[in-house]
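Per chain, numbering begins at 1; letters A, B, ... match sequence-line order.
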Amino acid sequence: MDFQIEPAYDAKKHEDKIYKKWEDSKAFSPKVDPTKKPFTISLPPPNATGTLHLGHATMLAIEDIMIRHHRMMGYSALWVPGTDHAAIATQSVVEKKLQATGIKSPRKELGREKLLGHIREFVKESQSTIRNQIRKMGASCDWSREKYTLDEDMNVAVNTLFGRMYEDGVIYRGGRIVNWDPNMQTTVADDELEYKEEKAKLYYFQYGPVIISTARPETKFLDKVIVVHPKDKRYKKIVGKEFEFEWIDGPIKAKVIADDCIDMKFGTGAMTITPAHSFIDFDLAKRHKLDAPQIIDFNGKIKPEVSKEFGGLTIDEARVAIVEKLREKGLLVKIEEDYTHKVAVNYRGKGTIEPQIMKQWFIDVNKKVIQWKKKKCSIKEVLQDTIQSKMIKIVPRRFEKIYFHWIDNLQDWCISRQIWWGHQIPIWHKVTESQLKALTSKNDTSTLDLELLNVNGEVKFGTEKPKSGEWFRDPDTLDTWFSSALWTFATLGWPKHTEDFKYFHPTDVLETGYDILFFWVARMILASTYALRSDGLPEEQCLPFKTVYLHGLIRDRNGKKMSKSSPETCIDPLDMIEKYGTDALRLSLVIGSSPGNDMRLYEEKIAGYRNFVNKIWNASRFALINISKEDISAEFDESMIKTDADKWIMTELQKLIKAADKDLETHQFSAAGTKIYDFIWNQYCDWYLEISKGSQKNTAVLLHVLKDILKLMHPFVPFVTEAIWENIGKTMLINEKWPEYNKKFVFKTESKSTELIKEIITKIRSVRSESKVDAGKKIQAVIYGGKNTENIKNGQETIMRLARLETLELKASGEKLKESKSIFVEDIEIFLPFKGMLDIEKEKKNILTQIEAKMNFINGLEKKLSNKEFVKKAPKEIVEKETERLSAEKEQVQKLKEQLKEF
RNA sequence: GGGCGCUUAGCUCAGCUGGUUAGAGCAUCUCGUUUACACCGAGAGGGUCGAGAGUUCGAAUCCCUCAGCGCCCACCA
């Protein structure tokens with residue numbers, strides 16, 4: 001047949017064209033179809049801040065495999081794509097860009113609306129880059145249902161859920177110590193912190209009756225409590241007493257208290273506390289009912305009210321000045337220079353964290369408000385139950401433990417952020433006239449907001465301004481994860497119960513990196529169960545997904561995390577696609593990795609899979625050259641299976657289908673891919689195609705197997721398979737039916753000719769190499785084997801070609817040639833009668849050692865089989881197998897012995 | 001401090017609930033332009049499965065101890 005395609009597959013020629021063809025045909029857009037089962041995945045929305053990296057590529061490859069597989073299995077397979085507004089990350093990127101153009105303080109100089117405009121523009125650009133990259137990966141997601149976490153309807157969903165939680169009293173406003181990032185002027189969630197190790201100095205000061213140690217003298221102005229351990233003998237006498245002594249700005253009074261949290265071995269075992277700027281101090285102060293005055297302001301400077309002398313200085317400046325002053329006063333005892341401690345920094349933006357007490361919005365995770373399984377449950381309990389009761393399965397399982405551990409330590413979730421980019425909190429504050437005046441007259445609202453918000457006024461929920469009185473909208477926005485938490489159901493139309501929502505929700509699999517298990521996965525369960533349960537849906541319909549599949553992180557060849565900051569080892573997926581094609585990249589990301597484990601990736605690996613893609617291409621090319629147009633239009637049926645080789649390859653194919661199905665079902669994508677890879681290369685190409693070159697050619701089977709291979713491979717390598725399919729199929733491969741395991745095509749190996757041929761060839765080759773016969777030279781061979789020679793008559797040609805034999809005779813046994821080399825294949829003896837290859841003594845020795853080894857083995861087996869316990873305890877099949885093997889081995893020894901007699 | 005993971009061929013990794021002789025790719029060596037493919041084919045070498053002990057008829061796999069590496073959480077005045 002005319003198959004005019006190039007001998008090497010050129011990915012660039014096909015990929016974009018094919019993607020367009022799929023997209024134009026609406027193959028990605030499933031319909032709500034009650035006759036089909038739905039299968040849904042929500043794409044974890046990439047941050048709309050830049051470009052995709054290999055982690056994204058992995059995610060896309062795995063999810064696309066699942067989607068394509070299910071689509072072919074006849075599901076209505078929906079994959080919802082989208083992007084995330086990534087509040088802090090995005091605003092920080094844009095602010096930096098603006099600063100580079102000379103706008104020093106974008107928030108102050110531009111104001112809310114203008115800054116948001118700049119961000120919107122940036123996001124638009126970034127989104128189109130990302131869309132393009134997702135397409136490049138071949139992802140078959142439904143672009144007609146694309147969403148963005150800041151879309152208008154997403155905002156409606158966010159406000160709806162916020163309102164319900166607010167009315168339930170689950171969302172509350174409270175003063176609490178929070179992680180404040182003075183750089184970004186925002187709070188940061190606990191799990192968005194990173195700890196950086198830093199060398200610092202540890203100062204020892206005379207503080208009244210004790211010596212205290214601190215790394216942060218600048219916060220110590222208003223400290224008036226000394227804390228020691230209750231069991232510490234050194235300080236026992238002074239606990240509970242009050243002292244007056246000289247300190248930074250003159251004399252102060254301080255009390256001594258005892259608390260277990262003190263580490264007696266650290267420093268002097270005594271410390272003072274600064275509740276407003278330290279987490280443990282805050283807790284301590286709460287326990288002992290102490291004041292918590294603010295010392296450092298929100299810009300990271302000493303408050304003027306606190307100290308005339310040091311007010312307005314930054315932390316670093318103040319530290320030096322204060323230490324100097326205390327030294328002058330003679331209160332500095334010593335400085336420890338080599339003190340390392342960890343400093344908390346913001347995971348996005350890397351600004352140093354300064355703990356502050358602020359009014360923030362929180363989600364109460366302990367209030368029992370959710371009607372769950374006939375009980376009132378708290379968020380925490382529901383989060384726990386969904387996994388505990390196996391309503392949601394996490395792959396791999398070990399992450400369930402990690403999840404529980406996290407839930408156990410879960411505290412109220414602070415959801416307000418002091419930035420502008422994001423969903424603005426739907427809350428209004430009542431203001432007095434003077435406050436309002438101040439608000440409107442100032443351009444710089446950031447710190448004013450903070451001051452206003454720290455006052456307890458009247459508060460109302462809503463998106464519209466309340467009619468009576470003066471109100472201003474809470475300027476804060478919600479934590480990004482609050483809106484991404486609604487992703488699975490809000491993208492399907494919630495709060496409306498649309499057709500899509502009713503049909504496609506809950507989604508089936510959430511596939512993501514394990515690094516955002518807490519950030520996102522847990523919060524999706526939280527939002528989904530809360531929102532949908534309050535809609536009155538039954539529990540199992542309130543889950544965001546049924547399975548969580550966690551992939552590992554991609555590392556470079558040295559095991560380091562790939563990051564843009566180290567471009568030498570960082571691989572850009574687009575470069576790889578350009579060089580090796582998308583299919584090759586996809587395979588290299590999927591094969592050889594297992595869920596939850598990190599994987600190293602390097603270019604040679606991708607090149608290797610490019611070779612495989614080319615192999616598929618060329619094998620198909622060969623098959624198609626041999627196939628006529630009539631073959632292609634013919635329906636395949638049982639009667640077309642003729643030769644032993646046909647039976648063999650069909651049987652192997654059925655085994656493959658069964659195994660691949662099982663692997664895909666259990667999310668073992670690597671295993672499935674490897675098996676298909678192996679079948680194509682080692683069975684179909686290396687054997688079946690080779691045999692087909694001889695008289696055993698059967699184009700019907702050749703084509704049928706090829707078709708099934710293409711289908712099985714399609715989820716992994718969609719482009720090359722579709723490109724080949726264009727020559728065979730009437731419709732597109734993407735819509736083809738997944739191959740089904742068919743018992744009819746499984747043949748028992750009564751006649752083993754194909755196996756025999758393979759074995760004979762292997763043996764001849766090994767004899768050739770053992771005896772150092774030039775592999776290029778043709779030799780003569782005779783096969784003796786009674787009835788069995790009949791079986792391989794058809795394969796004679798193949799054997800000659802592949803074993804490079806000049807002549808091959810098939811003879812009945814009985815007339816053996818003495819001066820020849822003989823080998824066994826099953827019960828056939830092969831004689832290769834050419835000289836120069838025999839070393840009789842060596843051969844004898846060989847056979848003797850073989851016999852010896854086999855006898856040892858047989859003895860062992862016999863012992864084993866005579867062991868009654870073994871026979872009793874081991875599975876029957878094993879015992880049977882072992883028994884069979886024993887007799888086979890015995891037979892072989894018999895043959896070896898006979899062979900020995902020949903010499 | 002608490003938890004988790006990894007350690008298998010020179011390299012990168014598979015190996016599910018214990019069960020034939022522990023696998024793959026790359027790399028190395030030998031040979032090879034046989035009607036798809038040199039992005040190819042045939043073959044070879046290379047492993048006391050991190051160490052030690054235990055359970056079992058049988059352990060890379062299960063239990064315990066230890067070591068090295070990595071990750072996560074908490075905390076560090």
Looking only at B:C39, B:A36, B:G41, the nucleotide nearest the A:A8 side chain is B:C39
- request: Would you classify A:S670 as touching base, sugar-phosphate or nothing, given that sugar-phosphate means primed atoms plus P, OP1 and OP2, and contacts are heavy atoms under 4.0 Å?
  value: nothing
| query | What is the nucleic acid contact for A:D686, judged by heavy atoms within less than 4.0 Å: base, sugar-phosphate only, or nothing? | reply | sugar-phosphate
Worksheet entry | B:U8 and B:C13, which share atom name C1', separated by this distance in whole Å | 9 Å
Closest to the side chain of A:N614, out of B:C37, B:A14, B:C40, is B:C37
Contacts of A:D598 meeting salt bridge (charged side-chain N to carboxylate O under 4.0 Å, His left out) (sequence neighbours excluded), chain-then-number -> A:R555
From CZ of A:R600 across to P of B:A14 the rounded distance in Å is 11 Å
Between A:Y203 and A:E336, do the side chains contain a donor N or O and an acceptor N or O under 3.5 Å apart?
no
When rounded to whole Å, the CG to C1' distance for the pair A:L517 and B:C72 reads 11 Å
- Message: Under 3.5 Å, is there any donor-acceptor pair linking the side chain of A:K615 to the base of B:C37?
- Response: yes
TODO: State whether the distance check finds a donor on one side and an acceptor on the other, under 3.5 Å, for side chain A:R398 versus base B:C4.
DONE: no
Polar contact flag, side-chain donor to acceptor under 3.5 angstrom, A:N179-A:E354: no
Rounded to whole Å, CD1 of A:I402 lies from P of B:G2 at a distance of 17 Å
Stacked cation flag A:K220 on A:F205, 6.0 angstrom / 45 deg
no
